[in-house]
Undergrad: 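Got a structure for you, written out below as structure tokens; questions coming shortly.
Because the structure is a prediction, the values reported are computed rather than measured. When reading the values below, keep in mind they use all heavy atoms of this one structure, side chains included, and skip hydrogens, waters and symmetry mates.
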Amino acid sequence: MARPAEPSERAALVALGDELARSHAAHVLSDALQGRLSLDRREALPGLIRQSERHEASGPICDAGRFATALVGKLRVDGQAELADAIVSLLGGGPVDADPMLWLDEVQGKIATRRHEAATLRAQGRHELASRVENTLSLDLGVALRERLCADGHHELADAIARAIHAHEERERREAETPSPSPAQPPAAARKHESPPDGAALRALADTLGGSYPADVLACALVTRLRAEGRDTLAGSIMMFWARDVAGPIVDPARLAADLCAQLRAEGRGELADTLASLLRGAAIGRDPGEILAAWLNELAGPIVAPGPLATALVSVLRRQRQDSLADGIQALLSASR
């Protein structure tokens with residue numbers, strides 16, 4: 001786990017981020033950050049940034065719980081515990097779980113939530129949908145395991161698990177297919193990808209920035225530029241994803257691996273479970289979720305993450321989900337605290 005940054009280091013990070021934000025457009029900084037992250041083998045975050053940018057007009061791409069948890073965590077590390085507790089109280093017991101302390105094993109929470117959802121569907125007589133809900137849990141567990149392993153530097157093991165899952169799913173797909181003649185399709189017209197006249201120069205600039213600055217400087221510059229342009233919802237998404245990527249999923253990967261294998265067997269995919277168990281046998285991957293939570297909170301305490309954009313993104317998701325009373329309540333609490 002990285003040591004906490006000293007105040008002087010954080011001040012230097014902000015100064016350099018501000019300078020880059022004044023000098024470069026947001027799309028250049030975004031490309032530079034994604035390039036830097038790829039060089040650092042932080043492979044999930046660039047895709048999340050791209051998706052967030054593509055869907056900027058329609059709002060954040062993930063659920064309200066992610067933003068609520070990040071917002072509450074940020075407020076607590078910033079010394080605003082009373083406001084954090086008020087938000088937890090407002091959201092508690094409803095559709096959004098906002099207390100980070102309940103995330104000491106977030107995957108166990110996901111399993112419990114999914115099983116509760118399936119049980120509710122069965123009680124309503126919707127057995128087929130209930131089975132579908134249960135049988136997609138292994139996908140979530142597999143993604144979380146690979147993310148956790150990569151965050152801990154176990155890239156080769158994560159890659160081996162991804163290959164094993166992909167090979168098994170491809171075999172399942174082929175076995176399920178029923179061959180049937182398909183009408184010939186006319187060849188698709190070739191699409192021309194024409195870059196704007198200055199596209200190559202901007203790409204080169206982004207590559208240079210990505211090779212010259214560490215990821216935290218570029219992330220700080222990007223969110224600073226977005227906020228200056230009034231694009232707080234996108235900035236909030238990037239802040240939330242950034243802090244989560246630094247720490248990784250808050251879960252013990254050894255327990256997560258056991259949960260994944262058990263879930264695969266429950267889905268009747270014992271062969272894949274045995275393959276993964278063989279890959280994981282003897283691997284020293286155990287972690288204390290409390291340590292991971294501390295790393296996440298430390299990143300939330302830094303200058304890249306700010307409560308305003310997190311709140312803006314949270315309210316956006318709540319309104320999209322037609323939870324207007326919750327959105328109004330969040331805005332009222334934040335306004336009263338200013």
Undergrad: Between Gln331 and Ser335, is any side-chain donor less than 3.5 angstrom from a side-chain acceptor?
TA: no
Undergrad: Between His55 and Gln51, is any side-chain donor less than 3.5 angstrom from a side-chain acceptor?
TA: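 Side chains of His55 and Gln51: no pair found under 3.5 Å.
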Undergrad: Applying side-chain contact (heavy atoms from CB on, under 4.5 Å) to Phe241 and Ile61, what does each step give before you reach the verdict?
TA: CA-CA 11 Å; Phe241 285 130; Ile61 61 173; 3.9 Å; yes
Undergrad: Just how far is it from atom CD1 of Ile165 to atom OG of Ser138, taken to the nearest 0.5 Å?
TA: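 If we round to the nearest 0.5 Å, Ile165:CD1 and Ser138:OG are 8.0 Å apart.
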Undergrad: For Leu300, is there any backbone N or O sitting under 3.5 Å from a side-chain donor or acceptor partner on Lys74?
TA: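 Yes, because the side chain of Lys74 sits within donor-acceptor range (under 3.5 Å) of the backbone of Leu300.
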Undergrad: Do Pro60 and Ser52 come close enough that some side-chain heavy atom pair is under 4.5 Å?
TA: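 Sidechains of Ser52 and Pro60: no contact.
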Undergrad: Between Arg225 and His24 (side chain of the first, backbone of the second, donor and acceptor by atom type, cut-off under 3.5 Å), is there such a pair?
TA: yes
Undergrad: Under a 4.5 Å cut-off applied to non-hydrogen side-chain atoms, are Arg42 and Val246 in contact?
TA: yes
Undergrad: Under a 3.5 Å distance rule, please check whether Ser23 uses its side chain to pair with a backbone N or O of Leu20 as donor and acceptor.
TA: no
Undergrad: Check whether any side-chain N or O of Thr69 sits under 3.5 Å from a backbone N or O of Gly65 as a donor-acceptor pair, and report yes or no.
TA: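 Present.
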Undergrad: List the atom of Ala151, the atom of Ala247, and the distance in Å for their closest heavy-atom pair.
TA: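 What the structure gives for the nearest pair is CB-O, 4.2 Å.
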Undergrad: If you draw a 6.0 Å radius around CD in Glu128, do more than 12 non-hydrogen atoms from other residues or ligands fall strictly inside?
TA: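 No - once you tally the heavy atoms of other residues, nucleotides and ligands closer than 6.0 Å, there are 12 at most.
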Undergrad: Measuring only between side-chain heavy atoms, which start at C-beta, is Glu43 closer than 4.5 Å to Pro46?
TA: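 A side-chain contact under 4.5 Å is absent here.
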Undergrad: Looking at Thr208, is its backbone amide N or carbonyl O close enough to the side chain of Ser212 to form a donor-acceptor pair, meaning the two atoms are under 3.5 Å apart?
TA: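 Between the backbone of Thr208 and the side chain of Ser212 there is a qualifying donor-acceptor contact (under 3.5 Å).
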Undergrad: With side-chain hydrogen bond (donor to acceptor under 3.5 Å, both in side chains) as the test, would you mind laying out the steps for Arg122 and Ser131 before giving the verdict?
TA: CA-CA 9 Å; Arg122 284 204 169 87; Ser131 296; 3.3 Å; yes
Undergrad: Distance check, rounded to the nearest 0.5 Å: Leu260 atom CG versus Asp140 atom CG?
TA: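 Separation between the atoms: 10.5 Å.
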Undergrad: For a 4.5 angstrom cut-off between non-hydrogen side-chain atoms, does Phe67 reach Cys62?
TA: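 A side-chain contact exists here, since the closest heavy-atom pair is under 4.5 Å.
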Undergrad: Could you tell me whether the side chain of Asp31 and the main chain of Ala206 form a donor-acceptor pair under 3.5 Å?
TA: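 Not a single qualifying donor-acceptor pair exists.
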Undergrad: With a 3.5 Å distance limit and no angle check, can you tell me whether Arg231 reaches the backbone of Leu226 through a side-chain donor-acceptor pair?
TA: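 A pair under 3.5 Å: no.
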Undergrad: Does Leu202 reach the side chain of His27, with side-chain heavy atoms less than 4.5 Å apart?
TA: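 Of all side-chain heavy-atom pairs linking His27 with Leu202, at least one is under 4.5 Å.
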Undergrad: State, yes or no, whether a side-chain contact exists between Asp216 and Trp242 at a heavy-atom distance under 4.5 Å.
TA: yes
Undergrad: Got a salt bridge between Arg50 and Glu53, using NZ or NE/NH1/NH2 to carboxylate O under 4.0 Å?
TA: no
Undergrad: Working to the nearest 0.5 Å, report the span between CG of Leu318 and CG of Asp324.
TA: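 Taking CG in Leu318 and CG in Asp324, the distance rounds to 9.0 Å.
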Undergrad: Are Arg148 and Ile292 packed together at the side-chain level, in the sense that at least one heavy-atom pair is separated by less than 4.5 angstrom?
TA: yes
Undergrad: Any side-chain donor paired with an acceptor under 3.5 Å for His168 and Arg171?
TA: yes
Undergrad: When clusters are formed by joining ILVMFWY residues with side-chain heavy atoms under 4.5 Å apart, either directly or through shared neighbours, do Leu48 and Val143 land in the same one?
TA: no
Undergrad: Any side-chain heavy atom of Arg244 sitting closer than 4.5 Å to one from Met239?
TA: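 Counting from C-beta outward, Arg244 and Met239 never come under 4.5 Å.
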Undergrad: Around atom CD of Glu170, are there more than 12 heavy atoms of other residues, nucleotides or ligands at under 6.0 Å?
TA: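 Yes - once you tally the heavy atoms of other residues, nucleotides and ligands closer than 6.0 Å, there are more than 12.
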Undergrad: Give me the atom names and distance for the closest heavy-atom approach of Cys220 to Val14.
TA: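 Closest approach of Cys220 to Val14: SG-CA, 4.2 Å.
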Undergrad: Within the distance-only criterion (no hydrogens, no angle test), does the side chain of Asp252 pair as donor or acceptor with the backbone N or O of Ala254 below 3.5 angstrom?
TA: yes
Undergrad: Inspect the contact between Asp274 and Arg265 and indicate whether a charged nitrogen and a carboxylate oxygen are less than 4.0 angstrom apart.
TA: yes
Undergrad: Quick check on Arg41: does its CZ atom have over 12 non-hydrogen neighbours (other residues, nucleotides or ligands) under 6.0 Å away?
TA: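 Yes, CZ of Arg41 has more than 12 neighbouring heavy atoms, counting only those of other groups under 6.0 Å.
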